[in-house]
> 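My questions will all concern the structure given below.
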Amino acid sequence: MKRIVGLLGWLGVALVVTAVAIKFLKPEWQDWSQRLALGGLIVTALYALSQWRDIARSFQGRNVRYGTVALGSVVLVLAILGAVNWIAARQNKRWDLSAAGQFSMSDQTKQLLRSLKKPVVIRVFHAASEGSTSYRDRLEEYRYWSNQVQAEYYEADRNPIESEKYAITVVPTILVEYDGRTERTNSADEQGLTNALKKAVEGKAKKVYFVQGHGEHDPTSTDPGGYKGAADSLGQDNFEVAKFTLAQDGKVPDDATMVVVAGPTIDFFPPEIEALKAFLAKGGKLLLMFDPPTKTATQHPTSLFALAKEWGIEVGNDLVVDASGMGRLIGTGAEVPIGMPVPHPITNDFGGLITAYPLARSVTPVAGGTDGKVAQKIIETSPQSWAESDIKALYETGKPVRDTGKGDKAGPVSLGAAVSAPVADAATPPPAPDAPPPPADAPKPETRVVVMGDSDFASNRAIGIGGNKDLFLNMGNWLAQQENLIAIRPKDPEDRRIQLTQDQAQILNYLTLLVIPGLLFGNAVRVWWKRR
């Protein structure tokens, strides 16, 4: 009888193992798998009940003391786990081990959340089948960085009244409400949420005009030299991009926040320069980006150089060469200098992010400033670089040779500079009848100018290199006096999935669900048999 009872335990284990094997080897026998698993559990339970005397004996004598110690240890472990969970519920500490840190909240999002002065309500409408867990995980991190963030979750199918109220037509849809303004997005990743939050906080989009007609980059072009990528990125930072011809319009549009002159190859006419000066006098913002002289260039935008100098920024007639070898990091040579940030609001939180400039000229603040306008450099090259003044010989030989005796400027070489000045005669437009009064801490109107010694760094072919995109957007936000948006932006998610064939996936299933558990079970049997 005892031998028969002893076999019950083995029979129960055999039934359970057979049920698992059938589940993976013969999926069409699913019903049999469930029946065998249930039978195995019942047989195992009967075996445990037949051993009640041995179980009771284990609580006698010395075993009781051992059991008490074991029970105390279990209680202690449970207490520790409870304490850890209590602390974890109040502290948000995460370690991102991904290669690009794509699961870490970006500096820009943190800075934007910390700057919130009014409550933000985020309403998530999702399908009932997907649940709200993934959205809660994301928004809990937003709530951790700002107590102004409130989140509400709705299953769109089960809340038709709320869905109708907010005109929800597709799921997921996320509404971001701030100070009476509402923005919506269908993306639940950080980039989509933060872009919607930026638009809700900033309100009406600021207008950016790209000047055309002098060989500048086209913000609508998808060619390698176009600026479509830069324009789309500005749109994500709540800018509205348009292009215009200054010579035809005669003035900068009245709704312009910023004017961009990206890589002109010919000079501006005097009336165009006067139009830019009038725009700056009213508190306008101007971004000038110049390329170095080319081998065949016969014209130069000298009037724009003079305008930059009026604002305390000297544009050099040279070509920057970087002999440090840093260009090899991105597969380029000495003709593409690598720039590092210089302390300035534009490069705040930039860290060690590098930027690359395909053919650049020096742009240096004028010593002592010009008429009280003192510029600051924002990007400079390595000490092993220099600004080559003999450009003709450089193009002819293709071999850069540093010669400070002939006017070459020793590195580090400044590639960009920025300047701001208060507006003396800024006309304050009358407020709209229903418009709220401006906040007391609203920034005072300023004229701001940024000059760069290269325009190709923000083109479609180069904007994805290093920190080029962040630098370009930071310059735009600094010019627009949106300092709360100056930071490193959310990273695009990487696709790092491993593609497996059907045979590889099947082998992996057998390995993890049968082979490894089988080896562990076999080892347990071996230990039991040896001790017996």
Side-chain angles (χ1 to χ4, degrees), residues 105-106 108-128 130-208 231-242 255 257 431-439 441-443 473 476-477 480-485 487 489-490:
M105 181 170 282
S106 68
Q108 187 191 54
T109 301
K110 295 176 185 177
Q111 188 165 313
L112 180 61
L113 290 170
R114 285 193 292 256
S115 68
L116 294 176
K117 296 179 174 61
K118 296 182 179 180
V120 174
V121 179
I122 301 177
R123 293 183 171 90
V124 179
F125 289 84
H126 60 88
E130 65 177 341
S132 62
T133 303
S134 60
Y135 304 105
R136 291 179 186 274
D137 290 343
R138 172 68 68 185
L139 292 179
E140 278 303 313
E141 193 167 4
Y142 278 66
R143 285 165 50 84
Y144 174 78
W145 289 101
S146 175
N147 56 12
Q148 298 281 15
V149 176
Q150 305 172 23
E152 300 175 4
Y153 305 91
Y154 300 93
E155 293 181 1
D157 299 337
R158 299 178 182 178
N159 292 272
I161 295 179
E162 293 294 330
S163 299
E164 182 70 22
K165 176 181 176 182
Y166 293 103
I168 304 301
T169 58
V170 297
V171 290
T173 296
I174 301 175
L175 305 180
V176 181
E177 297 181 6
Y178 180 85
D179 197 22
R181 296 183 291 271
T182 302
E183 293 291 335
R184 62 178 60 208
T185 178
N186 302 115
S187 174
D189 60 19
E190 183 188 351
Q191 194 168 62
L193 283 170
T194 299
N195 287 341
L197 180 58
K198 282 187 284 192
K199 293 177 181 179
V201 171
E202 295 298 328
K204 184 179 179 181
K206 292 178 168 58
K207 202 70 174 281
V208 179
D232 290 345
S233 298
L234 284 172
Q236 293 177 352
D237 269 13
N238 199 30
F239 288 99
E240 184 179 347
V241 176
D255 62 344
T257 297
D434 299 330
D441 59 349
L473 294 178
N477 282 303
Q481 295 186 250
Q482 297 181 154
E483 279 81 355
N484 61 318
L485 298 183
R489 284 151 186 81

> With sequence neighbours excluded, what pairs up with D232 under the salt bridge (charged side-chain N to carboxylate O under 4.0 Å, His left out) test?
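Residues passing salt bridge (charged side-chain N to carboxylate O under 4.0 Å, His left out) with D232: K228.
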
> Which residues pass the side-chain contact (heavy atoms from CB on, under 4.5 Å) test with K118, sequence neighbours left out?
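side-chain contact (heavy atoms from CB on, under 4.5 Å) list for K118, sorted by chain: Y178, D179.
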
> Run the side-chain hydrogen bond (donor to acceptor under 3.5 Å, both in side chains) test on Y166 and R123 for me, step by step, so that the C-alpha distance in whole Å, both residues' side-chain angles and the decisive distance to 0.1 Å come before the verdict.
CA-CA 10 Å; Y166 293 103; R123 293 183 171 90; 3.2 Å; yes

> Looking at residues at least two apart in the chain, or sitting in another chain, which of them share a side chain to side chain donor-acceptor pair (under 3.5 Å) with R181?
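So R181 forms no side chain to side chain donor-acceptor pair (under 3.5 Å) with any residue.
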
> Please name the pair of heavy atoms, one in A196 and one in T185, separated by the smallest distance, quoted to 0.1 Å.
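Scanning both residues, the minimum pair turns out to be CB-CG2, 4.1 Å.
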
> What pairs with S146 under side-chain contact (heavy atoms from CB on, under 4.5 Å), at least two apart in sequence or on another chain?
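Residues passing side-chain contact (heavy atoms from CB on, under 4.5 Å) with S146: L113, L116, Q148, V149.
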
> Checking K206 now: which residues fulfil side chain to side chain donor-acceptor pair (under 3.5 Å) with it, not counting sequence neighbours?
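Partners of K206 under the side chain to side chain donor-acceptor pair (under 3.5 Å) test: Q482.
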
> Treating S163 as the side-chain partner and A156 as the backbone partner, does any N or O pair qualify as donor plus acceptor under 3.5 Å?
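Yes, the answer is positive, given that a donor and an acceptor are paired below the 3.5 Å cut-off.
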
> Nearest 0.5 angstrom please: E177 CD to E183 CD, how far?
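Answer for the CD-CD pair, E177 versus E183, is 11.0 Å.
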
> Indicate the atoms forming the closest heavy-atom contact of L139 with A151, along with that distance.
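Looking at all heavy atoms of both residues, the shortest contact is CD1-CB, 3.9 Å.
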
> Which residues pass the side chain to side chain donor-acceptor pair (under 3.5 Å) test with T182, sequence neighbours left out?
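Listed in chain order: nothing, the list is empty.
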
> Could you list the residues that satisfy ring pair (Phe, Tyr, Trp, His ring centres under 6.0 Å) with Y142, not counting sequence neighbours?
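None.
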
> Would you name the heavy atoms of G476 and F239 that are closest together and state the gap between them?
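In this case the closest contact between G476 and F239 is O-CZ, 3.7 Å.
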
> Going by the rule salt bridge (charged side-chain N to carboxylate O under 4.0 Å, His left out), which residues pair with E155 if we only count those two or more places apart in sequence or in a different chain?
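Only R158 meet the salt bridge (charged side-chain N to carboxylate O under 4.0 Å, His left out) criterion with E155.
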
> Applying side chain to side chain donor-acceptor pair (under 3.5 Å), can you list everything that pairs with T257, at least two apart in sequence or on another chain?
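Once residues adjacent in sequence are excluded, T257 has no partner under the side chain to side chain donor-acceptor pair (under 3.5 Å) criterion.
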
> Restricting to non-hydrogen atoms, name the atom on G131 and the atom on H126 that form the minimum distance, rounded to 0.1 Å.
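Minimum heavy-atom contact is O-ND1, 3.4 Å.
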
> Give the minimum heavy-atom separation between E152 and V121, together with the two atoms involved.
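It is OE2-CG1, 4.1 Å.
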
> For T173, give me all partners under side-chain contact (heavy atoms from CB on, under 4.5 Å), at least two apart in sequence or on another chain.
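With neighbours one apart ignored, the set is I168, V170, L175, R184, N186.
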
> Under the rule for ring pair (Phe, Tyr, Trp, His ring centres under 6.0 Å), what residues qualify as partners of Y154, not counting sequence neighbours?
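Y154 satisfies ring pair (Phe, Tyr, Trp, His ring centres under 6.0 Å) with F125 once adjacent residues are dropped.
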
> Please list, chain by chain and in numerical order, all residues satisfying side-chain contact (heavy atoms from CB on, under 4.5 Å) with Q236, sequence neighbours excluded.
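Scan of Q236 (side-chain contact (heavy atoms from CB on, under 4.5 Å), adjacent residues dropped) gives Q191, N195, K469.
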
> To the nearest 0.5 Å, what is the distance between CG on L197 and CD on E190?
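It is 11.0 Å, given to the nearest 0.5 Å.
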
> Please name the pair of heavy atoms, one in K199 and one in G235, separated by the smallest distance, quoted to 0.1 Å.
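Of all heavy-atom pairs spanning K199 and G235, the closest is CE-O, 3.7 Å.
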
> Kindly compute the distance separating CZ (R143) from CD1 (I122), expressed to the nearest 0.5 Å.
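R143 atom CZ to I122 atom CD1 measures 9.5 Å (nearest 0.5 Å).
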
> Once you round to the nearest 0.5 Å, how far does CG of D237 lie from CG of N477?
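These two atoms lie 4.5 Å from each other.
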
